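Keep in mind that this is a model prediction, so the values were computed, not measured.
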Amino acid sequence: MTSTSPTTVAARPSAGDVTVEHTSDRPLDLGLTLAPLRHGAGDPTFRRTPDGALWRTTLVRTGPVTQRLVAHGERTVVAQHWGPGAREAADDLPRLLGEEDDASAFTPPPQARDAARRTPGLRMCRSERVLEALVPAVLEQKVQVVTAHRAWRWLVTRHGSPAPGPAPDGLRVVPSARAWAAVPTWDWHRAGVDPRRAATAVRCAQVAARLEDASGMPGEEARARLEKVPGVGRWTSAEVAQRAFGDPDAVSVGDFHLAAAVGWAFTGERTDDEGMLRLLAPYAPHRHRVVRLLFLDRRPQAPRRGPRLSIADYRTF
């Protein structure tokens with residue numbers, strides 16, 4: 001069987017924007033592949049419009065950019081780009097869409113086999129934007145995800161910049177590292193972010209240039225660099241590696257629900273982080289891929305123990 005290489009070609013260039021057509025040599029599910037880059041339904045950097053287009057913004061080295069991506073069939077995506085970073089983002093499109101993600105040697109566990117069969121176009125995306133993945137991960141540390149998403153939405157809306165080009169109303173570009181570092185204490189508080197997470201986010205922004213370099217490092221070395229920042233641990237670095245580095249093996253150790261859910265999916269019993277890693281060990285270097293497939297399959301969740309945690313609102317403290 002003859003295989004063709006993926007291609008990205010210019011299409012309909014016009015003043016002020018860059019449009020490319022990317023055709024892969026294997027199935028590509030645009031929505032599933034880019035879903036991890038969305039932080040809640042109201043994420044101001046990510047939007048799905050009624051015409052089926054996926055809009056997102058990013059801040060690359062050459063400046064802000066708006067992307068409009070539309071899937072055509074099972075293997076082709078047409079992407080329009082506006083803004084100073086348009087050319088750079090267009091050049092990075094294949095990595096964003098997971099062309100470097102190689103699952104050819106992956107054999108899913110029986111518990112994830114049906115999900116793998118139904119989603120052949122699922123890829124591990126690679127944004128290569130470390131701070132864009134790191135700040136929302138810090139916001140999600142040890143809090144309910146709904147409060148983290150609310151804080152992300154409030155902070156990006158207030159401190160980000162308008163999306164370039166003909167973007168949908170309300171679409172914003174994330175703040176720059178300098179802007180994140182300059183967010184005043186009272187705005188972190190108004191967003192519902194406690195001082196510990198706020199201080200961690202600011203520290204990350206202050207050394208952002210060093211952290212962005214991690215996107216070109218081997219996986220463990222890259223994560224080690226992130227974890228040198230006080231307040232960034234294994235869970236946070238894994239969340240970044242999954243999105244910015246396209247790491248199919250980065251397991252979010254320390255997640256409040258993940259170990260119990262993985263244990264339940266594999267054995268029908270709850271487990272802890274150590275037990276989860278034992279269950280996933282045979283599937284390295286695709287352990288995160290297994291986790292994604294298990295959640296796509298909507299497997300039964302481990303029964304909850306004890307009362308639900310109340311949602312802390314740090315804005316009232």
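Taking 4.5 Å as the limit, every side-chain heavy atom of R126 sits out of range of all side-chain heavy atoms of E99. Residues T62 and R87 form no side-chain contact, since every pair of their non-hydrogen atoms from C-beta on lies 4.5 Å or further apart. A 4.5 Å side-chain heavy-atom check between L155 and W188 finds at least one atom pair inside the cut-off. Using a 4.5 Å cut-off on side-chain heavy atoms (C-beta onward), V202 and V183 make no contact. With a 4.5 Å cut-off on side-chain heavy atoms, F295 and L258 count as touching. With contacts defined as side-chain heavy-atom distances shorter than 4.5 Å, the pair L211/C204 qualifies. Using a 4.5 Å heavy-atom cutoff, the side chains of V146 and H149 are not in contact. Contact check for T23 versus V77: no side-chain heavy atoms found under the 4.5 Å cut-off.
One side chain, T200 or R203, offers a donor N or O that lies under 3.5 Å from an acceptor on the other. Looking only at atom types and distance, the side chain of E88 has no donor-acceptor partner in the side chain of H81 under 3.5 Å away. Side-chain atoms of R123 and T33 include no donor-acceptor pair closer than 3.5 Å. A donor atom on one side chain and an acceptor atom on the other are found under 3.5 Å apart for E132 and T58. With hydrogens and angles left out, the side-chain atoms of D17 and T19 include a donor and acceptor closer than 3.5 Å. Residues T57 and Q67 bring no donor and acceptor atom of their side chains to less than 3.5 Å of each other. Between the side chains of Q141 and R196, at least one donor-acceptor pair of N or O atoms lies under 3.5 Å.
Separating the CG atom in L96 from the SG atom in C125 is a distance of 6.5 Å, to the nearest 0.5 Å. A distance of 9.5 Å separates CZ of R223 from CD of E239, quoted to the nearest 0.5 Å. Atoms CD and CH2, on E269 and W264 in that order, are 6.5 Å from each other to the nearest 0.5 Å. Taking CG from D255 and NZ from K142, the interatomic distance works out to 10.5 Å, rounded to the nearest 0.5 Å. Rounding to the nearest 0.5 angstrom, the gap separating the CG atom in L97 from the OG atom in S24 is 8.5 Å. In this structure, CD on E227 lies 8.5 Å from CD on E220, to the nearest 0.5 angstrom.
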Enumerate, atom names and distances included, each donor-acceptor pair closer than 3.5 Å involving a side-chain atom of residues 48-55, sequence neighbours excluded.
from: R48; atom 1: NH1; to: G52; atom 2: O; distance (Å): 3.0
from: T49; atom 1: OG1; to: D51; atom 2: OD1; distance (Å): 2.5
from: T49; atom 1: OG1; to: A53; atom 2: O; distance (Å): 3.3
from: D51; atom 1: OD1; to: A53; atom 2: N; distance (Å): 3.0
from: D51; atom 1: OD2; to: R68; atom 2: NH2; distance (Å): 2.9

Please report, to 0.1 Å, the donor-acceptor pairs under 3.5 Å made by any side chain of residues 279-290, with sequence neighbours excluded.
from: H286; atom 1: ND1; to: R289; atom 2: NE; distance (Å): 3.0
from: H286; atom 1: ND1; to: R289; atom 2: NH2; distance (Å): 3.2
from: R287; atom 1: NE; to: D249; atom 2: OD1; distance (Å): 3.0
from: R287; atom 1: NE; to: D249; atom 2: OD2; distance (Å): 3.4
from: R287; atom 1: NH2; to: D249; atom 2: O; distance (Å): 3.4
from: R287; atom 1: NH2; to: D249; atom 2: OD2; distance (Å): 3.1
from: R289; atom 1: NH1; to: D101; atom 2: OD2; distance (Å): 2.9
from: R289; atom 1: NH2; to: D101; atom 2: OD1; distance (Å): 2.7

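Salt bridge D213/R210: absent, no basic N to carboxylate O contact under 4.0 Å. Electrostatic pairing of R278 and E274 counts as a salt bridge here, judged by a charged N lying under 4.0 Å from a carboxylate O.
Within the structure, the salt bridge (charged side-chain N to carboxylate O under 4.0 Å, His left out) test picks out no pair touching residues 171-181 (sequence neighbours left out).
Of all the heavy atoms in A86 and V18, the pair that sits closest is CB-CG2, 4.0 Å. Of all heavy-atom pairs spanning R75 and D25, the tightest one is NH1-O, 2.9 Å. Summarising the geometry of V173 relative to V156, their closest heavy-atom pair is O-CG1, 4.3 Å, with the distance given to 0.1 Å. Annotation for P94 and D91: closest pair CD-O, 3.5 Å, computed over non-hydrogen atoms. Of all heavy-atom pairs between A167 and P164, the closest is CB-O, 4.2 Å. Closest approach of P108 and A116 over heavy atoms only: CG-CB, 3.9 Å.
Between the T76 side chain and the G73 main chain, no donor and acceptor come within less than 3.5 Å of each other. Judged by distance alone, with hydrogens and angles left aside, the side-chain atoms of E212 form a donor-acceptor pair with the main-chain N or O of V130 at under 3.5 Å. No donor-acceptor pair closer than 3.5 Å links the side chain of R56 to the backbone N or O of T66. R95 places no side-chain N or O within 3.5 Å of a backbone atom of E100 that could act as its donor or acceptor partner. Counting only distance, with no hydrogens or angles, the side chain of R243 and the backbone of P36 share a donor-acceptor pair below 3.5 Å. Under the 3.5 Å distance criterion, the side-chain polar atoms of D43 are left unmatched by any main-chain donor or acceptor of R38.
Linking ILVMFWY side-chain heavy atoms closer than 4.5 Å, directly or via other members, places M276 and W235 in two distinct hydrophobic clusters. L171 and W82 fall within a single hydrophobic cluster, where Ile, Leu, Val, Met, Phe, Trp and Tyr are joined by side-chain heavy atoms under 4.5 Å apart, directly or via other members. Both L294 and M124 are part of a single hydrophobic cluster, where members link through side-chain heavy atoms under 4.5 Å apart. Hydrophobic clustering (side-chain heavy atoms under 4.5 Å, transitive across Ile, Leu, Val, Met, Phe, Trp, Tyr) groups F106 together with V251. Residues L32 and V70 are members of separate hydrophobic clusters, defined by side-chain heavy-atom contacts under 4.5 angstrom among Ile, Leu, Val, Met, Phe, Trp and Tyr.
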Derivation of the side chain to side chain contact (heavy atoms under 4.5 Å, CB included) call for H159 and W180: CA-CA 8 Å; H159 293 280; W180 278 122; 5.8 Å; no
Working for side chain to side chain contact (heavy atoms under 4.5 Å, CB included), residues T271 and V262: CA-CA 8 Å; T271 190; V262 170; 5.6 Å; no
Full working for side chain to side chain contact (heavy atoms under 4.5 Å, CB included) between S252 and Q242: CA-CA 9 Å; S252 299; Q242 294 160 13; 2.9 Å; yes
Side chain to side chain contact (heavy atoms under 4.5 Å, CB included) between L69 and L93, worked out: CA-CA 10 Å; L69 304 107; L93 184 65; 3.7 Å; yes
Worked verdict on E140 versus T147 for side chain to side chain donor-acceptor pair (under 3.5 Å): CA-CA 8 Å; E140 292 178 19; T147 65; over 6 Å; no
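The neighbour count for D169 CG, taken as heavy atoms of other residues, nucleotides or ligands under 6.0 Å away, does not exceed 12.
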